[in-house]
Peer 1: 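Have a look at the structure that comes next, please.
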Amino acid sequence: MRPLTLVPFLLLLLAGNSLAQDNKCTVKLADLPAAPELFGFHIGMATAQVEQRVPQVAFGPVNDFGLSQTSISPDFNPKIDKTSLRGVRTVSLDFLDGRLTSLWLGFDSSFKWQTVPDFVEGISAALHLPNAWQTWKVRGQQLTCADFQMTVSLVSEGPSFRIVDVSAVKTIATRRAELEAASEESDAGEANEVFADRHAMVYYLPSCAPPVETKEADKLRFKTKHEAEKAGYKPAKGCQ
């Protein structure tokens, strides 16, 4: 095999970089049209808008991160107008601070796109998306754009489509980390807590517990030894 000369090699490299750039998705959530394939749902809609779309929806509780979830199953709720969700088996919705951040649509065998390639081609045309999909897991496809991610796969032999607000995922992760850090700090504070015996006028540390359990009514808690000593308490025997 003849070695590549410098010029042809650079041309191939530039061509590869150009192809990689063409395959990037820079579309934003705000750019997505209201395609009929989304059945009136869109990322960012408020819970009140979802309730207006499907009055029978019941929202789940909001957790410590501001996240709540719900699902809509037209086949199992006779009150839902199935004609407005034709071909849809299940709708799963995730909310952050009352705004839709994740939309999952599970379709049955009556939906017009039954294979992953057909669904990818159809949804790309409907939402004006570039051909930048990547293989996802075994039979799925995934598209990562400016501020959202889409996934198409097969679930129970039917197509499944999900769109997620990437910024919301990051916000949830940040809140979770902050809450865990605060919890650890609180646990550390409790572990290092100083408590004093009002009756004996002495204080104890976690490393030097009293020989006899102090009555709860006689306990007084301080954050540090300095606070306890400033209040007139002395270290108990063995706590010096």
Side-chain angles (χ1 to χ4, degrees), residues 25 27-108 111 123 127 129 136-137 140 142-156 158-191 193:
C25 178
V27 180
K28 295 183 178 181
L29 283 168
D31 301 328
L32 297 178
E37 290 79 9
L38 298 184
F39 295 89
F41 298 102
H42 64 85
I43 297 298
M45 68 191 305
T47 52
Q49 293 175 296
V50 175
E51 191 171 16
Q52 185 177 8
R53 171 65 182 86
V54 184
Q56 298 80 12
V57 66
F59 300 103
V62 180
N63 67 13
D64 294 336
F65 312 125
L67 182 67
S68 61
Q69 300 173 318
T70 191
S71 62
I72 302 167
S73 300
D75 290 338
F76 294 97
N77 190 338
K79 295 182 179 180
I80 294 178
D81 179 15
K82 294 183 181 180
T83 60
S84 68
L85 292 168
R86 194 179 302 278
V88 177
R89 185 178 66 252
T90 305
V91 183
S92 293
L93 308 167
D94 292 353
F95 300 87
L96 179 64
D97 300 334
R99 294 285 176 178
L100 183 62
T101 59
S102 173
L103 168 64
W104 181 85
L105 294 166
F107 300 93
D108 59 31
F111 192 66
I123 201 67
L127 298 178
L129 301 171
W136 183 74
K137 292 188 175 179
Q142 191 172 76
L143 177 68
T144 301
C145 296
D147 57 357
F148 66 90
Q149 190 173 72
M150 289 182 176
T151 305
V152 176
S153 60
L154 292 178
V155 177
S156 299
S160 166
F161 171 74
R162 187 183 185 193
I163 177 170
V164 178
D165 182 345
V166 173
S167 62
V169 174
K170 293 179 181 178
T171 298
I172 294 170
T174 299
R175 291 181 182 181
R176 180 179 285 107
E178 290 175 347
L179 189 63
E180 290 176 352
S183 178
E184 291 177 359
E185 184 177 346
S186 176
D187 291 344
E190 291 180 2
E193 192 176 61

Peer 1: Restricting to non-hydrogen atoms, name the atom on V27 and the atom on F148 that form the minimum distance, rounded to 0.1 Å.
Peer 2: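 Scanning both residues, the minimum pair turns out to be O-CE2, 3.3 Å.
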
Peer 1: For the CG atom of D108 and the OG atom of S156, what is their distance to the nearest 0.5 Å?
Peer 2: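 If I round to the nearest 0.5 Å, the distance is 11.0 Å.
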
Peer 1: Could you check whether any side-chain N or O of Q56 sits under 3.5 Å from a backbone N or O of K79, counting only pairs where one atom can act as donor and the other as acceptor?
Peer 2: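 Flag set: sc Q56 to bb K79 pair under 3.5 Å.
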
Peer 1: Is there a donor-acceptor contact under 3.5 Å from the side chain of T151 to the main chain of R162?
Peer 2: no

Peer 1: With P36, which residues qualify under side-chain contact (heavy atoms from CB on, under 4.5 Å), at least two apart?
Peer 2: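 Applying side-chain contact (heavy atoms from CB on, under 4.5 Å) to P36 gives none.
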
Peer 1: Flag the pair M150 / L127 as yes when at least one side-chain heavy-atom distance between them is below 4.5 Å, and no otherwise.
Peer 2: yes

Peer 1: Just so I know, are the side chains of D75 and S73 near enough to count as touching, which here means a heavy-atom distance under 4.5 Å?
Peer 2: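 No, their side chains stay 4.5 Å or more apart.
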
Peer 1: Tell me which donor-acceptor pairs under 3.5 Å the side chains of residues 85-94 have, and how far apart each pair is, sequence neighbours excluded?
Peer 2:
residue, atom, partner, partner atom, Å
R89, NH1, F107, O, 2.6
D94, OD1, Q69, NE2, 3.4

Peer 1: Do you know which two heavy atoms are closest between R53 and S84, and how far apart they sit?
Peer 2: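 Of all heavy-atom pairs spanning R53 and S84, the closest is NH2-O, 2.9 Å.
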
Peer 1: Rounded to the nearest 0.5 Å, what separates atom CD1 in I172 from atom CG in D165?
Peer 2: 9.0 Å

Peer 1: For residues 40-52, tabulate all N or O donor-acceptor pairs below 3.5 Å that involve a side-chain atom, not counting sequence neighbours.
Peer 2:
residue, atom, partner, partner atom, Å
Q49, OE1, A46, N, 2.7

Peer 1: What class does the angle between the rings of F111 and F39 fall in, given that below 30° is parallel, 30 to 60° is tilted and above 60° is perpendicular?
Peer 2: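 Tilted, since the angle between the ring planes falls between 30° and 60°.
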
Peer 1: Can you tell me how far apart CG (L29) and OG (S167) are? Round to the nearest 0.5 Å.
Peer 2: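 Reported value, rounded in 0.5 Å steps: 7.5 Å.
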
Peer 1: V169 versus Q149: any side-chain heavy-atom pair under 4.5 Å?
Peer 2: no

Peer 1: Which atom pair, heavy atoms only, marks the closest approach of L105 to L38?
Peer 2: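 The pair with the smallest heavy-atom distance is CD1-CA, 4.3 Å.
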
Peer 1: For T144 and C25, work out which heavy atoms get closest and say how close.
Peer 2: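 Closest heavy-atom pair between T144 and C25: O-CB, 3.6 Å.
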
Peer 1: Is the closest side-chain heavy-atom distance between D97 and T171 below 4.5 Å?
Peer 2: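 Side-chain contact under 4.5 Å: no.
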
Peer 1: Between R176 and F65, is NZ or CZ placed under 6.0 angstrom from the six-membered ring centre and within 45° of the ring axis?
Peer 2: yes

Peer 1: For I72 and N77: C-alpha separation, side-chain torsions, deciding distance, then whether side-chain contact (heavy atoms from CB on, under 4.5 Å) applies.
Peer 2: CA-CA 8 Å; I72 302 167; N77 190 338; over 6 Å; no

Peer 1: If we count only N and O atoms by modelled type, under 3.5 Å, do the side chains of D81 and T83 hold a donor and an acceptor together?
Peer 2: yes

Peer 1: Take atom CZ in R175; do more than 12 heavy atoms of anything else shown fall under 6.0 Å from it?
Peer 2: yes

